[in-house]
Amino acid sequence: DQQVKQNSPSLSVQEGRISILNCDYTNSMFDYFLWYKKYPAEGPTFLISISSIKDKNEDGRFTVFLNKSAKHLSLHIVPSQPGDSAVYFCAARAGTSYGKLTFGQGTILTVHP
Amino acid sequence: ETGVTQSPTHLIKTRGQQVTLRCSSQSGHNTVSWYQQALGQGPQFIFQYYREEENGRGNFPPRFSGLQFPNYSSELNVNALELDDSALYLCASSFGGFWASGRSGANVLTFGAGSRLTVL
């Protein structure tokens, strides 16, 4: 049972344009959502997060949007840069299970110069 | 500030053997979580350790076990290895505990680079 889904295995965008990565979840108990980025041979690194009491969180070029009624979140990267090319994982957490994240399958983002 | 370090980076075992993977948590962190990432999949939660005790477990059999030491480092042990255990094993640390719930940045996991296990 995949509780967090990233339905796009890959995404290709041009440098300077917007990248939009999507994530859907099914578990209503999830109340905190995170995006991680992973380069080859490295561990996932934290990018941005959002609590379920918010619908938007922004950090520089990165914005995460949360639509609780649709159980959907998205990550916007504007403008996209070649260095953003990586695998992006959406993750969710329920309550005080701090170390337990449920991850999606990941989306490979490629930003072309 | 040192990050999360894991050892070994790569190892090969045969079916039925046992393996121990090690993790040093980031300084200031007191909680360690372990994840298994199969090829083409997202990381899957194995278990978490806080104050040297298992504090949450995912859908993994008892042959997956762990330890946390007083310095917050941790080990993951897997007995009776199976072919499907071939994966990247990720360790993550955080500052956890119930008092941390309101602290900015608390409970964001910091991951190590992982240990790649191949079971033949």
Side-chain angles (χ1 to χ4, degrees), chain A residues 1-10 21-25 27 29-54 57 59 62 64 75 86-108, chain B residues 3-6 9-10 23 25-26 29-50 54-60 66 68 74 88-116:
Chain A
D1 176 29
Q2 193 80 31
Q3 297 186 54
V4 177
K5 288 183 181 180
Q6 295 175 254
N7 291 317
S8 298
S10 63
L21 296 98
N22 294 303
C23 178
D24 296 297
Y25 64 96
N27 189 339
M29 300 301 293
F30 289 147
D31 59 1
Y32 198 76
F33 303 89
L34 308 91
W35 285 93
Y36 279 82
K37 178 171 72 173
K38 188 178 187 299
Y39 293 117
E42 295 183 13
T45 55
F46 171 72
L47 198 55
I48 192 169
S49 62
I50 187 167
S51 165
S52 60
I53 62 173
K54 296 186 175 182
N57 189 28
D59 184 2
F62 303 91
V64 56
L75 173 68
V87 181
Y88 287 77
F89 291 101
C90 168
R93 191 181 76 206
T96 56
S97 301
Y98 302 122
K100 181 181 178 181
L101 296 180
T102 302
F103 282 86
Q105 309 95 306
T107 297
I108 301 170
Chain B
V4 177
T5 57
Q6 294 186 242
T9 53
H10 295 85
C23 171
S25 59
Q26 180 170 307
H29 285 182
N30 59 6
T31 302
V32 174
S33 304
W34 286 90
Y35 287 78
Q36 180 195 66
Q37 186 180 8
L39 202 60
Q41 301 296 316
Q44 196 171 358
F45 176 73
I46 303 175
F47 44 53
Q48 173 184 276
Y49 276 81
Y50 171 67
E54 188 179 293
N55 183 29
R57 188 176 186 95
N59 190 24
F60 281 82
Q68 186 183 30
S74 177
L88 180 69
Y89 288 85
L90 294 163
C91 171
S93 71
S94 61
F95 182 81
F98 295 109
W99 62 85
S101 60
R103 178 176 153 180
S104 174
N107 308 313
V108 171
L109 299 184
T110 300
F111 284 87
S115 294
R116 171 76 61 188

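Proteins get letters first, then strands, A, B, ... in listed order; numbering begins at 1 in each.
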About how many Å separate [atom2] of [Y] and [atom1] of [X], when rounded to the nearest 0.5 Å?
X: A/K38; Y: B/F111; atom1: NZ; atom2: CZ; result: 10.5 Å
X: A/F103; Y: B/L90; atom1: CZ; atom2: CG; result: 8.0 Å
X: A/F89; Y: B/Q41; atom1: CZ; atom2: CD; result: 9.0 Å
X: A/L101; Y: B/Q44; atom1: CG; atom2: CD; result: 13.0 Å
X: B/Y35; Y: A/K100; atom1: OH; atom2: NZ; result: 9.0 Å

Go through the atoms of B/Q6 and report whether side chain, backbone, both or neither lie under 4.5 Å from a heavy atom of chain A.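 Neither part.
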Using non-hydrogen atoms only, which part of B/I46 is less than 4.5 Å away from chain A: side chain, backbone, both, or neither?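 For B/I46, there is no contact with chain A at all, as no heavy atom is under 4.5 Å.
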Top of B/G58, B/S33, B/S93, B/P43 for chain A proximity - count of heavy-atom pairs under 4.5 angstrom: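 Most heavy-atom pairs within the cutoff with chain A belong to B/P43.
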If you count heavy-atom pairs under 4.5 Å with chain A, which of B/G112, B/G56, B/G40 comes out on top?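 Option with the greatest count: B/G112.
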Any idea which heavy atoms bring A/A41 and B/A113 closest together, and the distance?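 Nearest heavy atoms, A/A41 then B/A113: O-CB, 3.9 Å.
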Might you point out which heavy atoms bring B/V108 and A/F46 nearest each other, and give the distance in Å?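 Between these two residues, the closest heavy atoms are CG1-CG, 3.3 Å.
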So which of A/P44, A/A91, A/G106 has the biggest tally of heavy-atom pairs under 4.5 Å with chain B?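 Option with the greatest count: A/P44.
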